[in-house]
Amino acid sequence: IGNKSFYLLNSANQCEYLNRSGVGNALNSESPLVILLILLSLVHWREEYGIDGVRFDLGSLVFQRRTGGWFAFDPNSLLFKLIHEYLPENFFLSAEPWSADSGSDFGSYPKGWKQWNGVYRDACQEVIACGARNLNKFATRLAGSRDILPNAEQAATQQVVYIDSH
């Protein structure tokens, strides 16, 4: 298997993997081979095992595009478009809208996607760890993060609120 086809590599040293995931090497989701691998895996899991949805861990890393030397979430990426073309509309799609090095893309995913609300998680953890220092921020998160998801339907249907996982 060719590293250049499947993994993100350091441009200065093609023997060194980029660790954008925070847990090791990362797949190059702009590569046609990786796009095919992910798409065929999803279709296989749906057809052969009856899987009715998936969560993309570090979704911003999976649906990315290069902008100069930087990577950014791109809802127009080929993989993102193909998932919508080859999976049924009722297939549950969920993503952590961030990667280890890109910050949060919460609120950027289109209708139909459930986004893990990391800012809600962070506000809850802050209240648990530090007490009531910033109740306004906590109240905004508890009310659906309407500053990030201003549309009431989007706030009610497109986020997964949680305090901890893994």
Side-chain angles (χ1 to χ4, degrees), residues 1-11 14 16-49 51-122 141 144-151 153-162 164-166:
I1 296 177
N3 275 347
K4 289 181 184 179
S5 297
F6 282 88
Y7 297 102
L8 293 174
L9 302 175
N10 183 335
S11 59
Q14 294 288 302
E16 184 179 302
Y17 296 105
L18 289 181
N19 181 11
R20 296 193 61 244
S21 65
V23 294
N25 54 17
L27 285 174
N28 179 2
S29 60
E30 291 181 306
S31 162
L33 290 172
V34 172
I35 290 170
L36 186 61
L37 174 69
I38 293 171
L39 188 61
L40 290 177
S41 296
L42 292 172
V43 171
H44 176 77
W45 296 335
R46 182 181 60 85
E47 291 177 358
E48 298 299 322
Y49 305 119
I51 303 298
D52 62 356
V54 294
R55 174 181 68 99
F56 288 91
D57 200 36
L58 305 174
S60 297
L61 181 59
V62 178
F63 306 109
Q64 65 185 355
R65 65 178 159 76
R66 293 174 201 253
T67 54
W70 187 248
F71 297 88
F73 169 73
D74 183 8
N76 295 309
S77 71
L78 181 58
L79 177 58
F80 205 82
K81 288 180 176 182
L82 288 173
I83 284 173
H84 288 279
E85 187 170 323
Y86 285 93
L87 294 172
E89 193 172 305
N90 64 346
F91 195 77
F92 183 85
L93 296 166
S94 174
E96 289 179 337
W98 58 79
S99 67
D101 64 354
S102 71
S104 177
D105 291 311
F106 181 63
S108 299
Y109 283 70
K111 187 174 182 173
W113 279 80
K114 308 295 185 236
Q115 305 169 74
W116 285 43
N117 187 338
V119 292
Y120 172 85
R121 173 206 59 214
D122 295 345
R141 301 298 161 236
S145 298
R146 295 288 294 275
D147 58 325
I148 300 171
L149 302 171
N151 177 295
E153 179 186 354
Q154 185 184 28
T157 63
Q158 287 189 237
Q159 62 178 312
V160 176
V161 292
Y162 69 105
D164 199 11
S165 67
H166 297 283

Inset, instruction - Determine yes or no for a side-chain-to-main-chain donor-acceptor pair under 3.5 angstrom, with Ser31 supplying the side chain and Ser5 the backbone. - result: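 Looks like yes, one N/O pair under 3.5 Å.
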Legend entry - Test item: Asp105 side-chain N/O and Ser108 main-chain N/O as donor-acceptor pair under 3.5 Å: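 The answer is no, because no donor-acceptor pair under 3.5 Å joins these two groups.
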Can you tell if the side chain of [X] reaches within under 4.5 Å of the side chain of [Y], non-hydrogen atoms only?
| X | Y | result |
| --- | --- | --- |
| Glu30 | Leu8 | no |
| Phe80 | Leu82 | no |
| Leu149 | Gln159 | yes |
| Tyr17 | Leu9 | yes |
| Phe6 | Val34 | yes |
| Tyr162 | Asn117 | no |
| Val119 | Phe106 | yes |
| Leu42 | Ile38 | yes |

Legend entry - Which residues share a side-chain contact (heavy atoms from CB on, under 4.5 Å) with Ser94, sequence neighbours left out: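 Checked Ser94 against side-chain contact (heavy atoms from CB on, under 4.5 Å); matches are Arg55, Phe92, Lys114, Trp116, Val160.
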Inset, instruction - Please name all residues satisfying side-chain contact (heavy atoms from CB on, under 4.5 Å) with Asn90, sequence neighbours left out, ordered by chain then number. - result: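 Applying side-chain contact (heavy atoms from CB on, under 4.5 Å) to Asn90 gives Pro88.
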Inset, instruction - Quick one: list whatever passes ring-ring contact (aromatic ring centres under 6.0 Å, His included) with Tyr120, sequence neighbours left out. - result: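 So Tyr120 forms no ring-ring contact (aromatic ring centres under 6.0 Å, His included) with any residue.
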Legend entry - With sequence neighbours excluded, residues passing ring-ring contact (aromatic ring centres under 6.0 Å, His included) with Phe91: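 Result, ring-ring contact (aromatic ring centres under 6.0 Å, His included) vs Phe91: none returned.
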Nearest non-hydrogen partners of [X] and [Y], listed with the distance:
| X | Y | answer |
| --- | --- | --- |
| Ala95 | Gly59 | CB-CA, 4.3 Å |
| Val54 | Phe56 | CG2-CE1, 3.6 Å |
| Tyr109 | Gln158 | O-NE2, 3.6 Å |
| Leu58 | Glu96 | N-OE1, 3.0 Å |

Inset, instruction - Could I get the full list of salt bridge (charged side-chain N to carboxylate O under 4.0 Å, His left out) partners for Lys111, not counting sequence neighbours? - result: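 Counting only residues at least two positions away or on another chain, Lys111 forms a salt bridge (charged side-chain N to carboxylate O under 4.0 Å, His left out) with Glu153.
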Inset, instruction - Enter the distance from Ser104:OG to Gln115:CD here, rounded to the nearest 0.5 Å. - result: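 Result: 8.0 Å between the selected atoms.
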Legend entry - Gap between atom CG of Leu78 and atom CD1 of Ile83 - 0.5 Å precision: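 So the CD1 of Ile83 and the CG of Leu78 are separated by 10.0 Å.
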Legend entry - Qualifying salt bridge (charged side-chain N to carboxylate O under 4.0 Å, His left out) pairs with a residue from residues 73-88, counting only residues at least two apart or across chains: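 Pairs touching residues 73-88 that pass the test: Arg65-Asp74.
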Legend entry - Worked check of side chain to side chain contact (heavy atoms under 4.5 Å, CB included) between Asn151 and Arg146: CA-CA 7 Å; Asn151 177 295; Arg146 295 288 294 275; over 6 Å; no
Inset, instruction - Could you check Asn3 against Gln14 for side chain to side chain contact (heavy atoms under 4.5 Å, CB included), going step by step and ending with a plain yes or no? - result: CA-CA 8 Å; Asn3 275 347; Gln14 294 288 302; over 6 Å; no
Legend entry - Parallel, tilted or perpendicular: ring planes of Tyr49 versus His44, cut at 30 and 60 degrees: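 Because their plane-to-plane angle is over 60°, the rings of Tyr49 and His44 count as perpendicular.
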